[in-house]
Every structure is written in C-alpha cells, then in structure tokens.
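Quick note: numbers below take in every heavy atom, side chains included, and nothing from hydrogens, waters or symmetry partners.
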Amino acid sequence: DQQVKQNSPSLSVQEGRISILNCDYTNSMFDYFLWYKKYPAEGPTFLISISSIKDKNEDGRFTVFLNKSAKHLSLHIVPSQPGDSAVYFCAASGGTASKLTFGTGTRLQVTL
Amino acid sequence: NAGVTQTPKFQVLKTGQSMTLQCAQDMNHNSMYWYRQDPGMGLRLIYYSASEGTTDKGEVPNGYNVSRLNKREFSLRLESAAPSQTSVYFCASREPRPRGEQFFGPGTRLTVL
C-alpha cells in the first residue's frame, strides 16, 4: 500500500523553463510534507517543506503547493537549471510520528 | 562537523554471510533511521530509533536487526544475507524539533551474490 505516490518516474525540461513535480498521498493523517533531492552516489538532501496549515511555501526558485482536499502536492522549480537534474523524492509525516514515508521518486533532467 | 557518516561505502557478500553497517551522527540528534533504496521503490524504512535506547520496526524489517549503541551511533546488521537484500542503504538522523529535517548519510551499496 503506497501511501505516497509519485506517478511520473521521469521528467525532461528545457533549461530556463518551469519544472513541475507531482506527489499524491492517501493517508489523511499526514500533516507535514517534504521534498528531497538526490544526486547519484549521494544521500538525499532536504529541499523544501510545507505544513498542512499552509497551501504554499516558497524558497528561492523552489515553491511547494499543497492541495489538501485533493491530497496532492507539487514542487515548482523556476527557472530550471542543469544542476537541478536529480531524483526528487516527496515525503510525508503525520501527528507525533518521527518517521517519514517516501514516494518512489521522479528523475528530473534539465536539458540545455 | 561531518553530519551523518556511514561505513563501508561498498560491500559484496555471499549468501548466508553476515555483516554490520555502521552509522554515526555528530549533530546531537535524538532520532535515527535506516532506509533501503531499490529501483522503482523509493526509500523504504527498515528500522528507526526515536531516541537512545529505543528501536522500532519500519516498513521492511525482516532479515535485519539494529542496535542504538549510544546517541551518536545506530548500526544495522544482516545476520544471514540474501540476494533480495542487494540494495543501497541510507542512514539518517533527524533534528529534535517536531518537524525537524532528516539528514542523510552518503549510503552503502551492498551486493549479495
């Protein structure tokens, strides 16, 4: 039972354009969501997060949107840069749980 | 400040052999985690330790044991390795605040023949 789903395994975007990565969740107890970025042969690194009391959080080129009614969140990267090419994982946690549930990841390739 | 360190970086085992993956963090975090990453499966939680002296099963604990040796160290043991345990293993620790970020180590690539 995949509680956090990233239905697009891969995405290719031209440099300078917007990248939109999507994530859906099924557990209504989730109230905190995070995005991690992973380069090959490295551990994931934290990118941006959002609490369920908000519907948008912005950090530089990265914006996360949360639609609670649809149980959907998205990560927007504007403008996309070649260095953004990586695998992006969506993750969620709920209540007092200290553990995160991760999606399967989306591989983003930013082309010149 | 090294963050989260893992040893070894690479390991090849034969079926039935045992080994221990080591993890240490120097950020004074209470919570530590072990994940495995497989193609198309994302990061799956094996075991975690919410605080020193406690451990709990995650999503895929079978075939593994853990030890929270002290606040800094959290080890993962494979008692009798199987080919299905071929994977990349990541250790992580989490900031103490309720919505703290998880910091990951560089990973251990394990192959079981």
Excluding A:M29, membership of its hydrophobic cluster (Ile, Leu, Val, Met, Phe, Trp, Tyr; side-chain heavy atoms within less than 4.5 Å) reads none
With clusters defined by side-chain heavy atoms of hydrophobic residues (ILVMFWY) lying less than 4.5 Å apart, directly or transitively, does [Y] cluster with [X]?
X	Y	result
B:M32	A:L34	no
B:V4	B:L21	no
B:L76	B:L69	no
B:Y64	B:Y35	no
A:Y88	A:V64	yes

Where B:E101 and A:F46 come nearest, the two heavy atoms and their spacing: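 Nearest pair, atom of B:E101 first, then A:F46: OE2-CB, 3.0 Å.
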Taking all atoms of both residues into account, what is the closest heavy-atom pair of B:R94 and A:K99, and its distance? NH1-N, 4.1 Å
Please list, in residue-number order, every residue in residues 103-113 of chain B that has a heavy atom less than 4.5 Å from any heavy atom of chain A; write 'none' if there are none. B:F104, B:G105, B:P106
Any residues in residues 38-62 of chain B near chain A, with a heavy-atom distance under 4.5 Å, and which are they?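 Hits under 4.5 Å: B:G40, B:M41, B:G42, B:L43, B:L45, B:Y48, B:A50.
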With a 4.5 angstrom heavy-atom cut-off, is it the side chain or the backbone of A:A91 that approaches chain B, or both, or neither? neither
Side chain / backbone / both / neither for A:P9 at chain B, heavy atoms under 4.5 Å: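 Neither; nothing under 4.5 Å.
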In Å and rounded to the nearest 0.5 Å, what is the CD to OG distance from B:Q102 to A:S93?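 If I round to the nearest 0.5 Å, the distance is 9.0 Å.
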Report, by ascending residue number, the residues of residues 101-110 of chain A in heavy-atom contact with chain B at a distance under 4.5 Å; give 'none' if the set is empty.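 The list, in residue order, reads A:F102, A:G103, A:T104.
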Return yes when atom NZ of B:K71 has more than 12 non-hydrogen atoms of other residues, nucleotides or ligands closer than 6.0 Å, and no otherwise.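 Yes, because the 6.0 Å sphere around NZ of B:K71 holds more than 12 heavy atoms from other groups.
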Heavy-atom count check: over 12 atoms from other residues, nucleotides or ligands less than 6.0 Å from B:R77 CZ?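 Yes - once you tally the heavy atoms of other residues, nucleotides and ligands closer than 6.0 Å, there are more than 12.
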